[in-house]
Amino acid sequence: MKIRFLGAAREVTGSRHTVSIPGESVLLDCGLYQGRRKLTYERNKNIPRAVINANAMLLGHAHIDHSGNIPNLILSGFRGKIYATSATVDLCRFMLLDSAYLQEKDVEYVNKRKRRRGEELVEPLYTTQDALEALDHFVPRSYNRWFKVTKNISAKFCDAGHVLGSAITLLRVNDRGRSLKIAYAVDLGRKGMPILRDPVQIKGVDYLIIESTYGNRLHEKVEESERILEDTVNRIVRQKGKLIIPSFTLERTQEVVYHLHNLIEEKRIPAIPIFVDSPLAVNITSVFRRHPECFDKETMRLLRGRSDPFGFDYVTYIREVDRSKALNEMEGPMVIISASGMAEGGRILHHLKNNIEDPRNIIMIVGYMAANTLGRRLVEKERQVKIFGELYTRKADVVVANSFSAHADRNELIEYVRNIGEGIKHIFVVHGEESQAIPFAEALREMGYSVTVPHLGDEVKLP
Ligand SMILES: [Zn+2]
Ligand SMILES: [Zn+2]
């Protein structure tokens with residue numbers, strides 16, 4: 001048996017690994033790599049043969065860094081089925097179509113410049129049509145049930161408590177008469193997160209592939225999120241400013257809305273206007289409503305009651321560009337939640353550009369920001385930032401709320417591994433920058449585990 005690490009090795013984005021035995025190969029995720037612009041296109045475009053030739057794919061969750069390169073995978077010749085939980089399949093419909101739209105937009109912009117300079121034009125990574133065709137490959141599977149993937153490999157999805165539909169993927173590989181169990185816990189959520197159930201504690205595996213986004217950091221408690229949001233909204237009310245929240249459309253946006261809803265209901269903040277400015281958010285929120293099987297007890301209780309935890313009473317969801325632009329003319333206080341999550345594209349750029357130079361405003365960071373993104377520069381509280389190629393002086397304050405994280409932190413990861421129990425032969429640490437992955441691996445070694453932090457392209461033969 002072999003595992004190959006073909007993405008998200010010593011970095012966070014572009015998850016892509018294969019597990020294979022002679023004649024059979026299964027692909028775990030096929031995400032988009034996100035980072036420095038020039039590098040991303042080439043890396044996403046050219047998918048390694050080992051990935052394309054896999055017999056089937058198991059998709060852990062709908063985040064673009066795990067699912068975003070699927071249309072290109074199909075274009076490149078992959079012919080297998082793509083298994084995922086039913087909520088993940090429904091989410092991917094909107095996530096992939098949105099991603100295709102962004103690719104087309106991006107290329108349009110790049111080509112405009114190229115045309116002026118007489119340079120060769122580029123093609124989008126994939127089109128809306130390609131994304132639609134990719135959706136035909138998806139096959140939904142329920143949680144907690146084993147199913148056959150190839151002749152000798154079966155799989156089971158267990159709730160990962162990370163985003164709606166997210167799963168820890170368990171593989172049972174029959175390798176020359178031996179049965180080996182591999183767990184792919186990428187990404188792994190936290191206990192007590194709003195809306196979602198806690199991650200399922202898996203037991204008794206031979207090999208573990210685990211994420212390390214925050215392998216060397218501790219988050220504030222989940223409950224802190226509401227308190228930080230409360231303070232920040234009340235500040236914005238006093239300052240009559242705009243609270244700008246760049247947010248991942250999947251999960252984080254619904255979580256922020258859920259907290260704001262609670263805060264208003266409990267009269268801890270006044271009912272100021274709240275705008276979710278993202279057509280995708282409207283669609284994603286509709287998928288949430290269709291999948292109550294993923295909710296925790298508290299959310300089920302709210303749904304059965306009178307109040308709406310996704311906040312339609314207080315929140316205005318915006319699809320149209322004109323209404324998005326109109327927000328600019330409106331006076332604060334107000335909250336604007338918009339995408340993209342790392343502020344690399346989308347409407348959030350317009351809101352940042354229009355509001356960053358006004359000291360009454362606040363930018364609130366509620367998600368992971370990859371290196372070299374505008375979001376990361378905001379986390380690092382840089383004074384001067386470039387938006388649409390122009391330099392802006394930041395006067396709006398930046399509030400970083402780590403408690404919102406959908407990823408387990410160092411202690412939560414360690415506790416999770418410890419509770420798997422005895423018998424782990426080896427652990428592979430992926431999906432984390434070196435500053436996180438290496439200290440996390442070291443901590444696991446000190447606990448007595450045998451651990452590797454694979455490099456991109458590494459191939460490991462398992463005994
Ligand atoms: Zn994720
Ligand atoms: Zn991820």
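Just so you know, ligand 1 is whichever comes first in the structure, and atom 1 is the first atom listed for that ligand. Quick note: residue numbers are just sequence positions, from 1.
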May I ask you to check whether H219 and S405 show a side-chain donor-acceptor distance below 3.5 Å?
-> yes
Look at the aromatic rings of F288 and F310 and report parallel, tilted or perpendicular, splitting at 30° and 60°.
-> perpendicular
Using only N, O or S atoms, tell me which atom of D187 is closest to the Zn ion (ligand 2).
-> OD2
To the nearest 0.5 Å, atom CD1 of I336 lies from atom CG of L243 at 9.0 Å
Determine, for Y33 and R43, whether the Lys NZ or Arg CZ falls below 6.0 Å from the six-membered ring centre while staying within 45 degrees of the axis.
-> yes
Would a 4.5 Å heavy-atom cut-off, applied to side chains only, mark M57 and L73 as touching?
-> yes
Could you please compute the angle at the Zn ion (ligand 2) from NE2 of H431 to NE2 of H66, rounded to 10°?
-> 100°
Residue H407, metal the Zn ion (ligand 1), N/O/S under 2.8 Å = no
Residue H63 atom name (nearest to the Zn ion (ligand 1); N/O/S) = ND1
Tell me whether H61 has at least one N, O or S atom under 2.8 Å from the Zn ion (ligand 2).
-> no
Indicate if the distance from the Zn ion (ligand 1) to the nearest N, O or S atom of D65 falls below 2.8 Å.
-> no
